[in-house]
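These numbers were taken from a predicted model, which means no experiment stands behind them. Order of the sequence lines sets the chain letters (A, B, ...), proteins ahead of strands, with each chain counted from 1. Only heavy atoms go into these numbers, but all of them, side chains included; no hydrogens, no water, no symmetry mates.
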Amino acid sequence: MCLAVPARVETITGLQAEVEVGGVRRAVSVVLTPEVRPGDYVYVHTGYAISIVDEAEAAESLRLWAELAESYTTEELFPHMAPSSER
Amino acid sequence: MKYIDEFRDPDLARALLGRIERRSRQPVRLMEFCGGHTHAILRYGLRTLLPDHVDLRSGPGCPVCVTANADLDRAIALAHVPGLILTTFGDMIRVPGSAHTLQDAKAAGADVRMVYSTLDALKVARVNPDRQVVFLGVGFETTAPTVAAAIAQAEAQGLENFSVLSLHKLTPPATRAILDAGEVQLQGIIGPGHVTTIIGADAWQFLPQDYGVPLAVAGFEPLDILRAVADLVDMIEEGRPGISNSYARSVSPEGNPTALSIMDQVFEVVPAEWRGLGTVPGSGLAIRPEYARFDAGRRFEVDPGPTREHRGCRCGDVLRGTVTPPQCPLFGKACTPARPIGPCMVSAEGACAAFYQFGRDPL
């Protein structure tokens, strides 16, 4: 029920936007995200954009996890070199 | 697709699993509040990938499942009002009330229509000006603002034949009810990503403050969920309960102010009855008196008759996290998605349906 999918905003007309998700274009309401701009990604729930994707935060999450992945591999390969405190 | 595929990276998932394994010493029981998380956890096999001593319990986060039989009966009775069109989301149509489903009502001649959005329900009302159109409103804070927006739009457009039966519910009071009951000992909670998109991560501060229980807000991709588990394990091991947010691409500390404002404009907070939890104070949303003409509960008087519970069904216990679906004697035998006895087997987000579909592990 709380499902929401990321979609790219193509055009905005008043409180309605046309978004693209997985190659399909759909009309959604942006009444709950009035500050949205074309080119933004939004999470769409039951025909309404409920949030605008924070691209910087998305990139930061992936960067942190990639860092973690690297540290993990190093530790696995060289357990004696593992840092005493993580993070 | 952007913002989906990169959050399913198997190498990063292995790294997060490795971190959880290394950091986690004590047995922990975590509850994923949201049925969407239960579904994702089973779909991606995360239960079997996590260390054995990290126990995941599903919670009450399936709006269809927590709808009480008395409310379902009321909705079904409403569908039988002559000339009325009842619109609702797909999951609701197959959920059994005391004796029947909305599907049964439809087969018996009631006009029940599935919609994907309240915008579709408004359209039904516009093209049927001589008929009453009711939207059966179920859902948590994610959905309630969209229903509030539809009511505000109906008012602005003078759409007098549209109304809503509001069965909307709020998630923090239900979480509190589960912890207060103390039936299941939880060391941490995976917070619902889209509910928290609306209410904001700060709305969960009461968990570490009042209960000493950490919460990690999570998105719905495997990496989001694993990161939340890793954060919870860290907070538990360090004895520092707090709020973490691994879904910051959608969730902010304060939430969506526009959505909160329209929700507050249209709805007021009332007690609500939950399957499995009983009446929870301050956990429901009723339409404010200013919008009374859009309140189907006020507009139509129906007699749903006496309420009955489903015999042997443990959906209520599953929703409180006291049992897992396979522990119900009906699970997979008398009760399957094709012939569901309780709502937890009907909804795509129901824990029983998810366990049935993606793996009937014995935990």
Quiz prompt | Validation row: A/Asp54, B/Ser250 side chains within 4.5 angstrom (heavy atoms) | solution = no
Exercise. Report yes if the distance between the aromatic ring centroids of B/Phe220 and A/Tyr43 is under 6.0 Å, otherwise no.
Key: no
Quiz item: Any chance the side chains of B/Arg249 and A/Tyr41 put a donor and an acceptor closer than 3.5 Å?
Solution: no
Quiz item: Can you find a side-chain donor-acceptor pair between A/Ser51 and B/Thr197 that sits under 3.5 Å?
Solution: no
Quiz item: Do A/His45 and B/Thr143 get their side chains close enough for a donor-acceptor pair, meaning under 3.5 Å?
Solution: yes
Quiz item: Hey, does A/Trp65 have a side-chain heavy atom less than 4.5 Å from the side chain of B/Asp9?
Solution: no
Quiz prompt | Contacting region of A/Val21 [heavy-atom separation from chain B under 4.5 Å] | solution = both
Quiz item: Do A/Thr46 and B/Thr118 come close enough that some side-chain heavy atom pair is under 4.5 Å?
Solution: no
Quiz prompt | Contacting moiety of B/Leu119, where chain A heavy atoms sit under 4.5 Å | solution = both
Practice problem: Determine whether B/Thr258 and A/Thr33 make a side-chain contact, defined as any pair of heavy atoms from C-beta on separated by less than 4.5 Å. | Solution: no
Quiz item: Where does B/Ala150 contact chain A at under 4.5 Å (heavy atoms): side chain, backbone, both or neither?
Solution: both
Quiz item: Salt bridge between A/Glu55 and B/Lys2, side-chain N to carboxylate O under 4.0 Å?
Solution: yes
